A.B. asks: 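I'd like to ask you about the structure that follows.
The chains referred to below are lettered A, B, ... by the order of the sequence lines, with proteins before strands, and numbering in each begins at 1. A quick note: this is a predicted structure, and the numbers were derived from the prediction, not measured. Values below: all heavy atoms of this structure, side chains included; hydrogens, waters and symmetry mates excluded.
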Number of protein chains: 2
Amino acid sequence: MEADRRTRLAPDERRAQLVALGVASLADRPLEALTIEYLSAQAGVSRGLLFYYFGSKQGLHREVVSTARDSMLHATEPAGHFPPLSRLHDTLTRIVQFVRDHRGTFFSLVRGAASGDREVREVVEQARAVQAERVIAVFLEMGVADSEMLRIALRAWVAFAEQTLVDSALNTEMSSEEIVSFLERSVKAVTQAVR
Amino acid sequence: MEADRRTRLAPDERRAQLVALGVASLADRPLEALTIEYLSAQAGVSRGLLFYYFGSKQGLHREVVSTARDSMLHATEPAGHFPPLSRLHDTLTRIVQFVRDHRGTFFSLVRGAASGDREVREVVEQARAVQAERVIAVFLEMGVADSEMLRIALRAWVAFAEQTLVDSALNTEMSSEEIVSFLERSVKAVTQAVR
DNA sequence: GTGACTATTGACTATCTGTCAATAGAGGAG
DNA sequence: CTCCTCTATTGACAGATAGTCAATAGTCAC
């Protein structure tokens, strides 16, 4: 009978709490189910407060998706300095691990967030751009010639990898090694198909 | 001063008119902009009528997207009987052509329609399944061994091809032959990466 | 304690989806 | 040609959800 009394937090804390709740609920709900109504109820806070912090529903979505995206990018960042192919192997291994550890988050991010708002889409698009950049760097370091087609190809390969991860890491019992190894072979194959 | 008088059409005609209007507006607007409000205004008809025909907004979306999808699948269906690789070449050529002839529709279909409703998503997913089936058939006929990984790989390649088309056919002046040829090389490469 | 700053609320508006009984166009029977 | 019936079409209504804003109440500094 007092948990419902108004509790006033520092803006940073409140914001962090709300975003964290949002990210967490992506694990078992699509982004579109993250309504102002739902999240404010979850947080035990008025709807008005969410507008105070995020301005709009899409503002909220942007922050939540950005945060989920950053945690994925961070979790799949190669640690230390490897030679190019080892770094690729390391990153792919981390991604498969991340997908299996955060199925819901990964799926909501790469599938659900294609929805609605253009700016939200762009947030996810940035993640793909970063992943593509990482892969491009690997091949450039190995002496592959840069070209428009190479960039298109490796950006498309990121989409390929996402779909592969959804179908293999999420929906089969395939071993991580097998998946990683297939992704490695496929990206090399695609790179060679650029001429 | 009489165009606004109530005009009563046969259900088939009215339905066809509304769906056609919906598909047409996909050419320059994302699916989410296709609201009941907007389409009824376009058609010069009451909002209630759209519910009478489609039951819900998502019902409308399903029909519009299904129709757009079917027109794409139909336009990219290989004509006549070719040997496998020629058939592949033919289909890819038709797809590039379709993408360039119907930029808006293609983009709304493969990008915009990932949104909202699960059933709408599945409508587009079916198109990908059909495209994947076509490609799988090509390689099976060529004696490639069937396997779970092959199917995952070629389904993922469809996503690869979509992204390639968005980036090349929509956003560059690259020649159709160049795009088709790259897609051919990449799908063969991916198939060989399955082991 | 008291005052000031601002995090938080709740009541209000706007927009859009969805429901349904009432209405009117169009074709057939006479 | 007229009326009658069937149903395509409407408009008024209800419900959900986004967004606005002036009023309120924690909390910290003094």
A.B. asks: Indicate whether OP1 or OP2 belonging to D/dT17 is found under 4.0 Å from a side-chain N or O atom of A/R47.
C.D. replies: no

A.B. asks: Check every strand shown and say whether A/S46 touches a base, only sugar-phosphate, or nothing at a heavy-atom separation below 4.0 Å.
C.D. replies: base

A.B. asks: Would you call B/D167 and A/R151 a salt bridge, using N to O less than 4.0 angstrom?
C.D. replies: no

A.B. asks: If the threshold is 4.0 Å, N to carboxylate O, is there a salt bridge linking A/E125 and A/R128?
C.D. replies: yes

A.B. asks: With the side chain of B/R6 defined as its heavy atoms from C-beta on, choose the nearest nucleotide among C/dT9, D/dT20, D/dA8.
C.D. replies: D/dA8

A.B. asks: Looking at residues at least two apart in the chain, or sitting in another chain, which of them share a side-chain contact (heavy atoms from CB on, under 4.5 Å) with B/D90?
C.D. replies: B/P78, B/F82, B/R94

A.B. asks: Counting heavy atoms from C-beta on, name the nucleotide in C/dG18, C/dC5, D/dT9 closest to the side chain of A/R8.
C.D. replies: C/dC5

A.B. asks: NA contact type, A/Y53, heavy-atom cut-off 4.0 Å: base, sugar-phosphate, or nothing?
C.D. replies: sugar-phosphate

A.B. asks: Can the ring centres of B/H102 and B/F98 be said to be less than 6.0 Å apart?
C.D. replies: yes

A.B. asks: Using atom types as modelled and distance alone, determine if a side-chain donor or acceptor of A/R15 lies under 3.5 Å from a backbone N or O of A/Y53.
C.D. replies: yes

A.B. asks: What class does the angle between the rings of A/F160 and B/F160 fall in, given that below 30° is parallel, 30 to 60° is tilted and above 60° is perpendicular?
C.D. replies: perpendicular

A.B. asks: Quick one: on DNA chain D, does A/L9 or B/R14 contact a more 5' nucleotide (nearest heavy atom)?
C.D. replies: B/R14

A.B. asks: What's B/I36 touching, base or sugar-phosphate or nothing? Going by heavy atoms closer than 4.0 Å.
C.D. replies: sugar-phosphate

A.B. asks: Are A/V130 and A/V96 linked, directly or through intermediate hydrophobic residues, by side-chain heavy-atom contacts shorter than 4.5 Å (ILVMFWY only)?
C.D. replies: no

A.B. asks: Under a cut-off of 3.5 Å for both distances of each Watson-Crick or G-U pair, what dot-bracket string does DNA chain C give, using [ ] for crossing pairs and | for inter-strand pairs?
C.D. replies: ||||||||||||||||||||||||||||||

A.B. asks: Yes or no on side chain to side chain donor-acceptor pair (under 3.5 Å) for A/R121 and A/Q126, after CA distance, side-chain angles and deciding distance?
C.D. replies: CA-CA 9 Å; A/R121 235 179 295 136; A/Q126 284 167 17; over 6 Å; no

A.B. asks: Would you mind reading off the distance between A/L50 atom CG and C/dT9 atom P, rounded to a whole angstrom?
C.D. replies: 9 Å

A.B. asks: Of the nucleotides C/dT17, D/dT9, C/dT6, which has the atom closest to the A/Y52 side chain?
C.D. replies: C/dT6

A.B. asks: Give the rounded distance in Å between these two atoms: CZ of A/F54 and C1' of C/dT8.
C.D. replies: 14 Å

A.B. asks: If I take atom CG in residue A/L49 and atom P in nucleotide D/dC21, what distance separates them, rounded to the nearest angstrom?
C.D. replies: 17 Å

A.B. asks: Using whole Å, report how far CZ of B/F51 lies from P of D/dC13.
C.D. replies: 18 Å

A.B. asks: Between B/L60 (CG) and C/dG18 (C1'), how many Å, whole number?
C.D. replies: 14 Å

A.B. asks: On DNA chain D, nearest-nucleotide positions of B/P11 versus A/L34: which is more 5'?
C.D. replies: B/P11

A.B. asks: Choosing from D/dG26, C/dG18, D/dA8, which nucleotide comes nearest the side chain of B/S56?
C.D. replies: C/dG18

A.B. asks: What is the separation between atom CG on A/L39 and atom C1' on D/dA18, rounded to the nearest whole Å?
C.D. replies: 14 Å

A.B. asks: Starting from P on D/dA16, measure out to CD on A/E32 and report it in whole angstrom.
C.D. replies: 18 Å

A.B. asks: Please state how far atom CD in A/E37 lies from atom C1' in C/dT9, giving the value in whole angstrom units.
C.D. replies: 15 Å

